[in-house]
There are 2 protein chains.
Amino acid sequence: MLTDRQLLILQVIIDDFIQSAQPVGSRSLSKKEEISFSSATIRNEMSDLEELGFIEKTHTSSGRIPSDKGYRYYVDHLLAPQKLDQEDVYKVKSIFAERIYELEKIVQNSARILSELTNYTAIALGPAVRENKLKKIQIIPINKQTAVAIIVTDSGHVQNRMFQLPETMDLGELEKLANILNDRLAGSSIESLNDKIYKEVALMLRQHINNYDFILHSIADTLLIPSHEKLFFGGKTNMLSQPEFHDFEKIKSLMTMIEQEDSIYELIRKNQSGINIKIGRENNNTAMENCSLITATYSIGTEQLGSISILGPTRMEYSRVISLLDYISRDLTAVLTKLYQGN
Amino acid sequence: MLTDRQLLILQVIIDDFIQSAQPVGSRSLSKKEEISFSSATIRNEMSDLEELGFIEKTHTSSGRIPSDKGYRYYVDHLLAPQKLDQEDVYKVKSIFAERIYELEKIVQNSARILSELTNYTAIALGPAVRENKLKKIQIIPINKQTAVAIIVTDSGHVQNRMFQLPETMDLGELEKLANILNDRLAGSSIESLNDKIYKEVALMLRQHINNYDFILHSIADTLLIPSHEKLFFGGKTNMLSQPEFHDFEKIKSLMTMIEQEDSIYELIRKNQSGINIKIGRENNNTAMENCSLITATYSIGTEQLGSISILGPTRMEYSRVISLLDYISRDLTAVLTKLYQGN
DNA sequence: TGTTAGCACTCATTAATAGCGAGTGCTAAT
DNA sequence: ATTAGCACTCGCTATTAATGAGTGCTAACA
């Protein structure tokens, strides 16, 4: 167990390093007003803290920097929740100022604002449509060979895809097709559609529609949900300004990873509701070794919809970011719940 | 006018620099097999070429590098069109291998493949919907207060937006609204819709729809086309690997510009059909000082739809990039024309 | 007269060197 | 238990010198 003095020193080291990005030495620590003992005492304590794994040296005679473990302890035990100042609150509120009814736009806005507020990179995972219910399927012929299928969910999400028509299909038959699909599938969850088409609708189609086999797969494909929800980014290039990324290999691997939606999705996928914090190597990703990721989820009622994350250096302003994320996600949840609860 | 020998030297300097990214000196030039005169002679010629503005020195005793003007001359007069090798052709063909009916996906694919083939950044400007004709407007109520309007064009493009309903609006009335809109607007170009709604449809709506004024603007907004077509990117981070961008300020301003869709749009907006080449400062953008942009347009029939560009360092493989872009854009135009011509 | 050999000069780059300063660990005195 | 003191480490910066790839200019040559 750490003594009070060790805690104090750890906290001051981390606060200082977050601010300066420079290793913190015993002498400069001893000058701080919070600290009333000599640099020699601090050196002894730092030596212990290092042995315990909370801080590290960059070389034998350097000052100390926090380790992942140090940040973890800081985040779990030492963090004083920061009050947002008026300007922050004002900016966050502006996300909801416009009357926007599309979830995606709101979420996208949140990412942008958040990145501006923090100067880090914001990543928002768009609302899941998996559990949305099908409102309506429209099939609209474009020309003799092609038609576009449009599905609309009960949250107003629209998704569409073109497919090829069999030669012989006429308008009446297309309409019949759409009717059957709507009769059978309206109200079903989006994620179940593809399944249901084969299990419950196929037979019906076979009876009523010519060229049934030709069109079945096209339709089924159309109803498939994308492998993951949309990702929205804000401040993708902000990390270029962080001193820890003034190293070409580091920035390159990070930027390349950010461009790869799959790996980003992998990073932010599983999150319990509330605030989730992954520090440095906890992210299990070499490109993220010097980064922390803080994620907050948003919901409608109790149903978790998506998440908003901040990606910053491990030397991140945890307190501020957590406060902001917490605030935004609560607001987002409240607004969305009010808008969409109990359709 | 340049002598043949000067042309030869200019060409060899540029070819060498494109390959090596290092200033080219007289001695190393004299060793090339194409060149059969002494380094002293070359120095004299280079001195002239510099005076004429085709090449530059990085410092008083350095080798020469091509200037923007040098590249421009090279591109306009010296470029030998390069034959694509089998592998390139194969990869380009793969863009069209899948049976995809959505223009946007094809264009997006082109950008990705092109960036992989060149290791530069590819930017595709999606198909313009401005001149598409309206196929159908659908209005689908989501709940008591909101509905989603969906418009479909004759090319299968779908665009949708949610809007708020007046309290008193019932289903029948919504349907009536949709019918009026379809009657009046089907077949009109997308860019004219917003206008027409106010000029030609407003009166009709006023007569038949309660709360006409409430809904008019919502509908009109929905029919507004976005300020510019979609942009698709490939290889956004490729420029990080170019030696000319191993400078933090440069890479930062370039990446930041790439993230700003507006400025990218500004760069690639106006292009005559065919291949367009902008070298370095010709782009009129400080972040692009060390970049060239080569753009090819694609069309359906003779109607220009969009463009595909390659953004690379001024020291770019012009010959190869031009060949690739030319090839892809022709293919794209051919495929699209075949698919969509004369709906 | 166009070409080339030769030479003095420039400048980026690299390696070696030294001094500075911020830091440490350890020891001994308080 | 705390602290003053001291030797030591190491990154950083500046200086210097050597190297080498390049230049421009001049004079000789074909």
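Quick caveat: nothing in here was measured; it's all calculated off a predicted structure.
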Using only side-chain N and O atoms of [X], determine if any of them is under 4.0 Å from OP1 or OP2 of [N].
X	N	result
Arg64(B)	dG24(D)	yes
Lys57(B)	dA21(D)	no
Ser62(B)	dG22(D)	no
Arg5(A)	dA1(D)	no

**Request:** Hey, could you give me the CD1/CG distance between Ile294(A) and Leu311(A), rounded to the nearest 0.5 Å?
**Result:** 10.0 Å
**Message:** For the CE atom of Met239(A) and the OH atom of Tyr120(A), what is their distance to the nearest 0.5 Å?
**Reply:** 8.5 Å
Can you tell me how far [atom2] of [N] sits from [atom1] of [X], to the nearest Å?
X	N	atom1	atom2	value
Gln22(A)	dC10(D)	CD	P	19 Å
His59(A)	dG23(C)	NE2	P	10 Å
Gln6(B)	dG2(C)	CD	P	12 Å
Ile65(A)	dT24(C)	CD1	P	13 Å
Met46(A)	dG25(C)	CE	C1'	11 Å
Lys31(A)	dT3(D)	NZ	C1'	17 Å

**Message:** What's Thr41(B) touching, base or sugar-phosphate or nothing? Going by heavy atoms closer than 4.0 Å.
**Reply:** base
Do the side chain of [X] and the base of [N] come within less than 3.5 angstrom through a donor-acceptor pair of N or O atoms?
X	N	value
Ser38(A)	dT3(D)	no
Arg27(B)	dG22(D)	no
Ser61(B)	dT10(C)	yes

**Message:** Ring-plane angle category for His246(B) and Phe248(A), please: parallel below 30°, perpendicular beyond 60°, tilted otherwise.
**Reply:** parallel
Looking at the side chain of [X], which of [options] is the nearest nucleotide?
X	options	answer
Ser47(A)	dA4(D), dG25(C), dT23(D)	dG25(C)
Arg43(A)	dG25(C), dG23(C), dC25(D)	dG25(C)
Ala40(A)	dA4(D), dG11(D), dC25(D)	dA4(D)
Phe37(A)	dA5(C), dT10(C), dT3(D)	dT3(D)

**Asked** What do the steps show when you test Arg315(A) against Gln242(A) for side chain to side chain donor-acceptor pair (under 3.5 Å), and what is the final call?
**Response** CA-CA 10 Å; Arg315(A) 182 189 65 78; Gln242(A) 296 295 339; 2.9 Å; yes
**Message:** Can a donor-acceptor pair be found, under 3.5 Å and without considering hydrogens, that links the side chain of Tyr318(B) to the backbone of Thr314(B)?
**Reply:** yes
